[in-house]
Amino acid sequence: NVTWLDYFSELPQMPLFLVANEFFDCLPIKQYRRTDEGWQEQMIAVENEQLHFILGTATSEDVFSKTNDIPRGDMLEISPPSVAFASAIGEHIQTNRGCAIIIDYGEWDSDGDSLQALKSHTKIDPLTHCGKADLTAHVSFKDLTNAASKYAKASPMISQGILLERLGITQRAQTLAKSMGGTALENHISAHKRLTHPDEMGSLFKAIAIIPENSDLPAGFNE
C-alpha cells in the first residue's frame with residue numbers, strides 16, 4: 001500500500017531513505033537576464049492570444065551580488081522550491097538519520113537558459129501545448145548541496161556514469177550478456193552505453209548523496 005503525502009513535513013520523524021531520480025528538474029524555476037538595467041526576471045505575457053516571454057522590472061543587484069561577473073545578455077536560473085526541498089531533506093536526515101541520493105540532469109552551477117519542453121519525446125516551444133508537455137530545467141547541484149549542507153553532510157557531485165561504474169554496472173552487464181544473443185544482446189549493449197557513456201546519460205546526469213554528519217558516504221560516492 002502506498003501512502004501519499006502532500007507535504008514533506010508530514011513524513012514521520014524516523015530514518016529516511018530517499019531516492020530522487022529526475023525529481024528536482026521538474027520543480028519550478030525563475031529566470032533572470034542581466035541587462036543594462038540590472039537583473040530582469042523573464043516572465044510570460046499574452047499578446048494577440050499568444051504567450052510570449054518578456055522581461056520584468058529590474059530587481060536589486062544585491063540579490064545576485066556574487067554573479068556580477070556574468071556578461072550582460074546572459075541568463076541565470078534559480079529554483080527556490082528545489083532549495084527548500086534540499087534544506088528539508090538535510091534537516092530531516094540530520095535529525096532522524098538515513099540517506100538521500102539525488103540523481104538528475106544538470107550541472108554544478110546554473111548554466112543559463114535550460115528550460116525545455118518535451119512532447120512525445122520531441123523538444124517543442126515551452127509556451128505551446130501548455131499542460132500537455134513535460135517542462136524541465138537543469139538542476140543546480142551547487143544550490144542543492146549548499147542548502148542540504150546547512151544541516152547535514154553532502155557528498156561531492158559525481159556523474160551518473162562514474163557512480164554506476166563504481167557500483168559494478170560493467171561487471172554486471174558482462175555477466176548478463178553471456179546468456180544473450182541477437183537483438184536482445186544488441187539492446188543490452190545499447191542500454192549499458194546509454195546509462196554510462198559520457199556522450200549520453202553517463203555525463204549529462206549527476207548525483208549527490210546526503211547523509212548525517214560524521215557518517216560514511218554510501219557505496220559509489222567514495223573513490
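Side-chain atoms are counted along with the backbone in the values below, which use heavy atoms only and exclude waters and symmetry mates. None of these values were measured; they are calculated from a predicted model.
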Task: Minimum heavy-atom distance Gln40-Ala58, with the two atoms named - done: CG-CA, 3.7 Å
Task: Nearest heavy atoms of Asp125 and Leu127, plus distance in Å - done: OD1-N, 2.8 Å
Open item on the list: Check for me, please, whether Tyr32 and Met75 land in the same ILVMFWY cluster - side-chain distances under 4.5 Å, paths through other members count.
Closed with: no
- [ ] Please report the shortest heavy-atom distance between Ala117 and Ala133, naming the atom on each side.
- [x] CB-CB, 4.4 Å
TODO: Using side-chain contact (heavy atoms from CB on, under 4.5 Å) as the criterion, list what pairs up with Arg172, not counting sequence neighbours.
DONE: Leu176
Open item on the list: Less than 4.5 Å apart, side chain to side chain, heavy atoms only: is that true for Phe205 and Glu22?
Closed with: yes
Task: Contacts of Phe221 that satisfy ring pair (Phe, Tyr, Trp, His ring centres under 6.0 Å) - sequence neighbours left out - done: none
Task: Over all atoms of both residues, closest heavy-atom pair of Pro156 and Leu217 - done: CD-CD1, 4.4 Å
Distance-only donor-acceptor pairs under 3.5 Å for side chains of residues 78-100, two or more places apart:
{"residue": "Ser79", "atom": "OG", "partner": "Pro28", "partner atom": "O", "Å": "2.9"}
{"residue": "Ser79", "atom": "OG", "partner": "Ser82", "partner atom": "N", "Å": "3.4"}
{"residue": "Ser79", "atom": "OG", "partner": "Ser82", "partner atom": "OG", "Å": "2.6"}
{"residue": "Ser87", "atom": "OG", "partner": "Val83", "partner atom": "O", "Å": "2.9"}
{"residue": "His92", "atom": "NE2", "partner": "Met14", "partner atom": "O", "Å": "2.9"}
{"residue": "Gln94", "atom": "OE1", "partner": "Glu213", "partner atom": "N", "Å": "2.9"}
{"residue": "Thr95", "atom": "OG1", "partner": "Glu91", "partner atom": "O", "Å": "2.9"}
{"residue": "Asn96", "atom": "ND2", "partner": "Gln13", "partner atom": "OE1", "Å": "3.0"}
{"residue": "Asn96", "atom": "ND2", "partner": "His92", "partner atom": "O", "Å": "3.1"}
{"residue": "Arg97", "atom": "NH2", "partner": "Ser215", "partner atom": "OG", "Å": "3.1"}

TODO: Please step through salt bridge (Lys or Arg N to Asp or Glu O under 4.0 Å) for the pair Asp74 and Arg34, ending with a clear verdict.
DONE: CA-CA 6 Å; Asp74 280 10; Arg34 193 174 188 206; over 6 Å; no
TODO: Quick one: pull up CE in Met157 and OG in Ser140 and give me the separation to the nearest 0.5 Å.
DONE: 9.5 Å
Name the atoms and distances for all side-chain donor-acceptor pairs under 3.5 Å in residues 41-55, with sequence neighbours left out.
{"residue": "Gln42", "atom": "NE2", "partner": "Gln31", "partner atom": "OE1", "Å": "2.8"}
{"residue": "Glu47", "atom": "OE1", "partner": "His52", "partner atom": "NE2", "Å": "3.4"}

Enumerate, atom names and distances included, each donor-acceptor pair closer than 3.5 Å involving a side-chain atom of residues 161-171, sequence neighbours excluded.
{"residue": "Glu165", "atom": "OE1", "partner": "Thr170", "partner atom": "OG1", "Å": "2.7"}
{"residue": "Glu165", "atom": "OE2", "partner": "Thr170", "partner atom": "OG1", "Å": "2.9"}
{"residue": "Arg166", "atom": "NH1", "partner": "Gly220", "partner atom": "O", "Å": "3.1"}
{"residue": "Thr170", "atom": "OG1", "partner": "His192", "partner atom": "NE2", "Å": "3.3"}

Task: Pair listing, side-chain hydrogen bond (donor to acceptor under 3.5 Å, both in side chains) test, anchored in residues 180-189, at least two apart - done: none
Task: Single-linkage hydrophobic cluster, 4.5 Å side-chain cutoff, Tyr105 and Phe23 together - done: no
- [ ] Please report the shortest heavy-atom distance between Leu195 and Gln160, naming the atom on each side.
- [x] O-NE2, 3.0 Å
